[in-house]
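Taking it in order: structure first as C-alpha cells, then the write-up.
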Amino acid sequence: MILHELIDYQTLRLIWWLLLGILIIGFAVMDGFDLGTQTLLPFVAESDLERRVVINAVGPIWEGNQVWLILGAGAIFAAWPPLYAVSFSSFYLAMFAIIAALILRPVGFKYRSKRESPRWRASWDWALFIGGVVPTLIFGVAVGNVLQGVPFRLGPDLRIFYDGSTLLELLNPFALLCGLLSVTMLVMHGASWLVLKTSGPVADRARRFGTLAATATVVLFALGGLWVAVGIEGYRFVSDIVTDGPSNPLAKTAEQGAGFWFANYAAQPWTLAAPALGFAGSLLALRFLALRREVLTLLSSGLSVLGIIATVGLAMFPFILPSSIDPNSSLTVWDASSSHLTLFIMLVSTGIFLPIIALYTTWVYRVLWGKVDEKEISDGSGHAY
C-alpha cells in the first residue's frame, strides 16, 4: 500500500476542512484581540503614556499572532487551489484594502514614538486605529458575501469568470451587518485583553467599552441569524455527492433556496453547540467583566469568537464558496481540494510544525505574562514602544 493511502481521500478532505476552520479561528482569537485593541486605542487612552500602555499590551506579540493569518492563506493556496483562485480574484480590491491597512500596524508601532510631536503621535494613533478596524470590518463583510454567494462561474475548462462589478457591490446591507458583528466581536475580545494586561483608567475604560461591545455582539449575532433564516438563500446538493472522486466543481448539481443554511442544524442537532457557544461566550464575558475576573473574561470572549465563526462553517458545510449566479459552480469540500497525495504530505508537515508553533506561542505568552508597567514605559527601562 502506498503511504498516503493510509488515510482515504474523503477523510483527508474533511480533515483539511477542519484544519482550515482551526486556522481561521486561531487567527480570529489570537490576532483578534490585537485588532480589537488597535480599534480601541483612541478611545480607552487619553494621555500619551496611556496610549503607549495600550500599544505595549500588544506590541511584543502581534507578529507571532499574525502567523495564523499567513498559515490560513497558505493552507487555502495549497489545500484548496480553486478556493484560493476564486476568492483572491473576486475579493481583490477588498484584499488590497486589508493588506494596506495591516501594513499600518508595524509601521505605526515602530515610528510612533520616534518623535515627541503630539501631532506626529496622534497621526500614528489613528493609523493604528485604521489598521485595526478596516481589516476587521472587511473580513466580516467578506463572510457576509460568502453566505449570500459570490457572483462567479466556471467555464467548461474550469476557467474562472467573476461577474461582480465594484468594491461597493460587496458593501450590501447583510454584509455590512456581518462586518459590524465582526467589529463588535473583536472589540469585545480586545477589551478583554486590555482588562487583563492593563490597570487603572485604561482598564476601566476598556471594561466599559467591552461591556458595550459584548452586548452589541449578542444583538448583532441574533439579528444575523434571523436575517439568514428569513432573507438569505442557502445552497444544497441536488445530485448525488461524490466525496472521494477527482476535484471537479462542475461534476455536481446544486441549487439555492430559503432555509438551506439551517439544514445541517436540523440533521445534526449537536452542531447547535456552535451558535450556543457564540451567545454564551459573549454573555459570560459580560458577566465576568462586571465581576472583574480578567482571565475568565478573555477566555469567554475567545469562546464567543470560536462559536460565531464555527456557526458559519457548520451551516455552510460542505460548501466553502457558493456561486450566486451558477450554483453548480460552487466550491465544496468534496470537489475543490488538492490531490490525495498533496493533502497527505501537507497533513504530515502540519502535524510536525503546528505543535511547534503552539509550544513556542505558549512559551512567549508565559514569558510576557503580567500587566504592562507604566513606570517601565515612562523611564524607558523596558525597551517599550
Side-chain angles (χ1 to χ4, degrees), residues 10 13-14 17-18 20-21 24 80 82-83 86-87 90-91 140-156 158 160-165 169-179 181-182 220-243 245 247-276 278-279 307-337:
Q10 175 184 343
R13 283 168 161 163
L14 184 59
W17 175 77
L18 291 169
L20 180 60
I24 293 173
W80 311 99
L83 173 62
V86 174
S87 61
S90 301
F91 299 140
V141 167
V143 172
N145 279 279
V146 168
L147 282 167
Q148 297 174 91
V150 177
F152 76 94
R153 55 189 172 85
L154 301 176
L158 299 184
I160 301 166
F161 298 90
Y162 178 66
D163 293 341
S165 55
E169 183 182 35
L170 302 177
L171 303 177
N172 55 78
F174 177 73
L176 286 173
L177 174 68
C178 293
L181 172 59
S182 177
L220 291 174
F221 190 34
L223 286 175
L226 181 62
W227 199 328
V228 170
V230 301
I232 302 296
E233 290 189 337
Y235 295 75
R236 71 178 180 185
F237 283 107
V238 176
S239 60
D240 293 334
I241 303 174
V242 179
T243 60
S247 289
N248 181 4
L250 295 180
K252 68 174 181 303
T253 304
E255 65 177 358
Q256 290 177 271
F260 289 175
W261 283 152
F262 284 85
N264 285 341
Y265 294 114
Q268 303 289 339
W270 65 267
T271 56
L272 290 169
F279 284 115
I308 291 171
I309 296 175
T311 296
V312 177
L314 290 171
M316 292 182 58
F317 181 84
F319 289 86
I320 49 180
L321 190 64
S323 169
S324 60
I325 59 175
D326 179 20
N328 295 336
S329 295
S330 299
L331 306 181
T332 77
V333 172
W334 312 124
D335 59 26
S337 72

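Being a predicted model, the structure only gives us computed values, none of them experimental. Only heavy atoms go into these numbers, but all of them, side chains included; no hydrogens, no water, no symmetry mates.
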Within the structure provided, determine whether [X] and [Y] are in side-chain contact (heavy-atom separation under 4.5 Å).
{"X": "Val141", "Y": "Asn145", "value": "yes"}
{"X": "Trp80", "Y": "Val333", "value": "yes"}
{"X": "Asn328", "Y": "Val238", "value": "no"}
{"X": "Gln256", "Y": "Ser330", "value": "no"}
{"X": "Pro249", "Y": "Leu158", "value": "yes"}
{"X": "Val146", "Y": "Met316", "value": "yes"}

Can you tell me how far apart [atom1] ([X]) and [atom2] ([Y]) are? Round to the nearest 0.5 Å.
{"X": "Lys252", "Y": "Asp335", "atom1": "NZ", "atom2": "CG", "answer": "4.0 Å"}
{"X": "Leu83", "Y": "Leu20", "atom1": "CG", "atom2": "CG", "answer": "7.0 Å"}
{"X": "Phe317", "Y": "Leu14", "atom1": "CZ", "atom2": "CG", "answer": "5.5 Å"}
{"X": "Trp334", "Y": "Gln10", "atom1": "CH2", "atom2": "CD", "answer": "5.0 Å"}
{"X": "Asp163", "Y": "Ser324", "atom1": "CG", "atom2": "OG", "answer": "8.5 Å"}
{"X": "Asn264", "Y": "Leu314", "atom1": "CG", "atom2": "CG", "answer": "7.5 Å"}

Closest approach of [X] to [Y] (non-hydrogen atoms, all atoms of both residues):
{"X": "Pro322", "Y": "Phe152", "result": "O-CE2, 3.6 Å"}
{"X": "Glu169", "Y": "Tyr162", "result": "OE1-OH, 4.2 Å"}
{"X": "Val86", "Y": "Leu321", "result": "CG1-CD2, 3.4 Å"}
{"X": "Ala336", "Y": "Ile320", "result": "CB-CD1, 4.3 Å"}
{"X": "Gly225", "Y": "Phe262", "result": "O-CZ, 3.6 Å"}

Any donor-acceptor pair under 3.5 Å linking the side chain of [X] with the backbone of [Y]?
{"X": "Ser329", "Y": "Leu154", "answer": "yes"}
{"X": "Thr311", "Y": "Gly307", "answer": "yes"}
{"X": "Arg153", "Y": "Ile325", "answer": "no"}
{"X": "Ser239", "Y": "Thr253", "answer": "yes"}
{"X": "Tyr235", "Y": "Gly257", "answer": "no"}

Aromatic centroids of Phe237 and Phe260 separated by under 6.0 Å: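 Not under 6.0 Å, so no.
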Candidates Phe174, Trp261, Phe221 - the one meeting ring-ring contact (aromatic ring centres under 6.0 Å, His included) with Trp227: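 Between Trp227 and the candidates, ring-ring contact (aromatic ring centres under 6.0 Å, His included) is satisfied uniquely by Phe174.
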Full working for side chain to side chain donor-acceptor pair (under 3.5 Å) between Thr332 and Arg13: CA-CA 10 Å; Thr332 77; Arg13 283 168 161 163; over 6 Å; no
